[in-house]
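Residue numbers start at 1 and run along the sequence shown. For ligands, and for the atoms within them, numbers begin at 1 and follow the listed sequence.
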Amino acid sequence: MAKILVIKKKINSFKKEIEVSGDKSLSIRWVLLASQAIGKSRAYNLLMSEDVLAAIKAIRKLGIKVIARNSHYEIFGNGINSFKYKKGIIIDAKNSGTLGRLILGLLIKSPNKIKIIGDKSLSKRDFSRVTVPLKKFGAKFNYKVKNKLPLTILGSQTSKGINYIENKGSAQCKSSVMLAALNSSGTTYIKAKKSRNHSELLFKYLKVPIKIKKTKKYDFIEIKKPNKICAFNYNIPGDISSSAFFIVLTMLTKNSKLLIKNININPSRVGVITILKKMGAEIYLKNKRNYKGEKISNILIQSSKNLRGINCPSELNTSAIDEFLIIFIAAAKAKGISYFKDISELNQKESPRLNLGSKILNMMGVKTELTKNSIKIYGQPNLKITKQIIIKDYLKDHRIFMMSTIAALTCGGQWKIHDKDSINTSFPSFLKIVKNISGKSL
Ligand code: S3P
């Protein structure tokens with residue numbers, strides 16, 4: 001497969017029905033929690049991306065049997081604190097912040113040192129956000145470069161519940177602590193700024209002793225060690241973060257309509273829909289249903305004729321954290337100025353997304369005003385790109401690749417987008433779906 005994607009033409013109108021692959025957050029959580037359950041757990045529609053495969057490889061290294069069947073995956077857990085592994089093992093979290101941070105919580109009692117490594121992008125990211133609370137449980141860490149991968153963790157046999165305040169709105173930090181709490185004596189008390197709550201919903205479903213009190217900005221969570229977790233089956237719904245690229249593609253293409261089926265619309269994940277609707281998008285949730293505590297629906301999108309800029313309320317930031325890059329493309333084509341504030345966390349992702357997002361908009365001829373934690377985007381409803389745009393050196397951030405592809409298909413210009421295989425991180429079938437929608441191979 002050529003590594004550079006070349007796009008020279010905008011997409012034509014379409015009317016289609018698609019499905020996107022399984023939710024990444026739920027897929028990784030299923031793998032990690034099934035490894036702690038007793039007996040055979042099955043997952044259907046598990047996301048087959050590099051991040052999830054890295055999670056499977058990680059638990060295999062920790063002595064857990066995993067079988068890939070034709071229609072599903074099976075994990076044979078031996079219970080909480082039952083990992084069995086050789087001395088000196090290395091776990092490669094590859095590009096996945098979720099895996100790198102969550103697995104550390106599961107290793108809170110590891111009797112031997114375990115080394116965690118990651119790819120170039122993950123090795124630039126901050127791990128103090130999880131090592132600080134995990135040290136309070138009793139774990140010890142060693143690094144080459146402080147707070148960065150590669151690091152080693154040595155667990156504590158006497159790990160005890162902690163008090164923890166999570167102030168960034170990071171579900172990875174919250175979940176890492178929750179997983180450590182599963183394996184620690186006493187009670188863990190977490191005060192967490194609102195963020196995606198898949199771990200909480202799974203804990204409830206698995207009958208882990210968990211209490212949650214919600215206030216407007218924070219959730220107060222109490223967790224006690226369960227006696228055991230029973231094996232569980234899960235049918236992973238489609239990923240709203242992957243859907244977001246096709247939602248914006250449809251909005252920005254004339255006379256088009258798209259139905260995306262079976263998507264997880266957990267309220268802590270749908271900031272993208274709220275934001276785009278506030279900008280005037282026509283997005284409808286159809287056939288809403290509940291599944292094991294999660295909400296699922298089909299999403300119907302129609303072309304948007306009158307998109308307007310938004311002064312985006314910061315309360316929506318965590319529920320749209322992975323979707324800002326594609327929201328920026330919608331803002332580039334909206335009437336008026338859009339303002340997104342308190343989003344410095346975007347620069348802590350697989351690449352510095354706030355800075356790179358702004359740079360790509362500028363390359364497209366869109367004016368931005370960028371600070372360390374905000375961006376103003378001067379929208380141009382009639383934006384038509386005629387020049388060549390080359391996207392490279394972006395730490396292979398899958399979402400930069402997909403954002404650029406959608407910009408090319410909706411705004412014109414001649415694009416050369418490097419590192420096509422970056423999509424394998426979260427959405428390997430992205431280009432196949434583009435082909436299905438456009439009727440053309442890219
Ligand atoms: C995730 C949490 C978010 C998100 C990431 C997946 C998760 O990260 O960006 O893609 O599954 O918990 P933060 O917790 O760092 O915000």
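- Of the heavy atoms in R196, only side-chain atoms (C-beta onward) come closer than 4.0 Å to ligand 1.
- Taking atom 6 (C) of ligand 1 as the reference point, the nearest protein heavy-atom neighbour is T98 OG1, 3.3 Å.
- The protein heavy-atom contact nearest to atom 13 (P) of ligand 1 is K349 NZ, 3.3 Å.
- Between L356 and L325, every side-chain heavy-atom pair lies at or beyond the 4.5 Å cut-off.
- For the 3.5 Å distance criterion, the side chains of Y378 and E369 qualify, holding a donor opposite an acceptor.
- A donor atom on one side chain and an acceptor atom on the other are found under 3.5 Å apart for T98 and Q172.
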Subject >> Criterion salt bridge (Lys or Arg N to Asp or Glu O under 4.0 Å) on D322 and K24, from CA distance to verdict >> reply: CA-CA 12 Å; D322 289 338; K24 180 152 73 76; 5.7 Å; no

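- Using a 4.0 Å cut-off to heavy atoms of A171, the atoms of ligand 1 that qualify are 12 (O), 14 (O).
- Checking only distances, Q172 does come within under 3.5 Å of ligand 1, N or O to N or O.
- Within ligand 1, counting atoms from 1 as listed, the ones closer than 4.0 Å to a heavy atom of D322 are 4 (C), 5 (C), 9 (O), 10 (O).
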Kindly list each side-chain donor-acceptor pair under 3.5 angstrom involving residues 202-210, sequence neighbours excluded, with atom names and distances?
from	atom 1	to	atom 2	distance (Å)
Y205	OH	K292	NZ	3.3

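- The side chain to side chain donor-acceptor pair (under 3.5 Å) analysis of residues 346-355, with sequence neighbours excluded, yields the pairs N347-N355, E350-R353, E350-H398, S351-D397, R353-D397.
- The N/O atoms of S170, backbone and side chain alike, include one that comes under 3.5 Å of an N/O atom in ligand 1.
- The shortest contact between atom 12 (O) of ligand 1 and any protein heavy atom is with R29 NH2, 2.7 Å.
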